[in-house]
Amino acid sequence: MRMLAGLYRAVESQTPYGGRSVTFEAMGSAWLACGARRRSERGEGDERHAVETMSAETRDDPRLETGRVLRFGGADWGIVTVRPLRPGRVGLELERRR
């Protein structure tokens with residue numbers, strides 16, 4: 001299935017009270033050919049949380065970097081890895097916590 005995803009980068013700033021604020025700045029968009037979603041749990045003891053992972057393929061774009069966020073289907077997916085597949089195409093491993 002192909003989806004159009006918005007690409008965002010996290011921008012951190014310090015609040016007047018000494019805290020940290022994170023906002024997301026739009027960087028563009030990318031068409032993704034998404035694979036199947038996989039669900040697992042991570043954490044230790046009582047502090048476990050559900051994590052969904054997904055593989056996707058897209059055109060090579062220097063803005064696609066580990067740590068950036070792709071927003072599609074009503075959810076934010078973090079880019080965990082970017083690997084070359086063939087000339088002009090890259091594979092992405094995406095993750096989101098629930």
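In this structure, Ile79 and Trp77 have side chains that are not in contact, with every pair of non-hydrogen atoms separated by 4.5 Å or more. Counting only heavy atoms from C-beta outward, the side chains of Leu85 and Val90 never approach each other to under 4.5 Å.
Every residue meeting the side-chain contact (heavy atoms from CB on, under 4.5 Å) condition with Glu41, not counting sequence neighbours, appears here in chain and number order: Arg48. Remark: Asp60 engages no residue in a side chain to side chain donor-acceptor pair (under 3.5 Å) (not counting sequence neighbours). Taking the salt bridge (Lys or Arg N to Asp or Glu O under 4.0 Å) definition, one finds that Glu52 meets it with Arg37, Arg96, Arg98, sequence neighbours left out. Contacts of Arg20 classified as side chain to side chain donor-acceptor pair (under 3.5 Å), with partners at least two apart in sequence or in another chain: Glu12. For Arg63, the salt bridge (Lys or Arg N to Asp or Glu O under 4.0 Å) partners are Asp61, not counting sequence neighbours. Residues passing the side chain to side chain donor-acceptor pair (under 3.5 Å) test with Ser55 are Glu93, sequence neighbours excluded.
Remark: Leu7 CG to Glu65 CD distance equals 9.0 Å, nearest 0.5 Å.
The hydrophobic cluster analysis finds Tyr17 isolated: no Ile, Leu, Val, Met, Phe, Trp or Tyr side chain comes under 4.5 Å of it, directly or through other members. Other residues sharing the hydrophobic cluster of Phe24, ordered by chain and number and joined by side-chain separations under 4.5 Å: Tyr8, Val22, Val69.
Heavy atoms of other residues, nucleotides or ligands lying less than 6.0 angstrom from CZ of Arg38 number more than 12.
The side chain to side chain donor-acceptor pair (under 3.5 Å) analysis of residues 21-34, with sequence neighbours excluded, yields the pairs Arg9-Glu25. Applying the side chain to side chain donor-acceptor pair (under 3.5 Å) test to residues at least two apart or on different chains, the pairs with a partner in residues 78-87 are Glu57-Arg86.
Connection of Leu64 to Leu32 is established within a shared hydrophobic cluster, with ILVMFWY side chains joined at heavy-atom distances below 4.5 Å, either directly or through further cluster members. Taking hydrophobic clusters as Ile, Leu, Val, Met, Phe, Trp and Tyr residues chained together by side-chain heavy-atom distances below 4.5 Å, Leu94 does not share a cluster with Val51. Linking ILVMFWY side-chain heavy atoms closer than 4.5 Å, directly or via other members, places Leu92 and Met3 in a single hydrophobic cluster.
Between Arg39 and Ala50, the shortest heavy-atom distance links the atoms NH2-CB, 3.6 Å.
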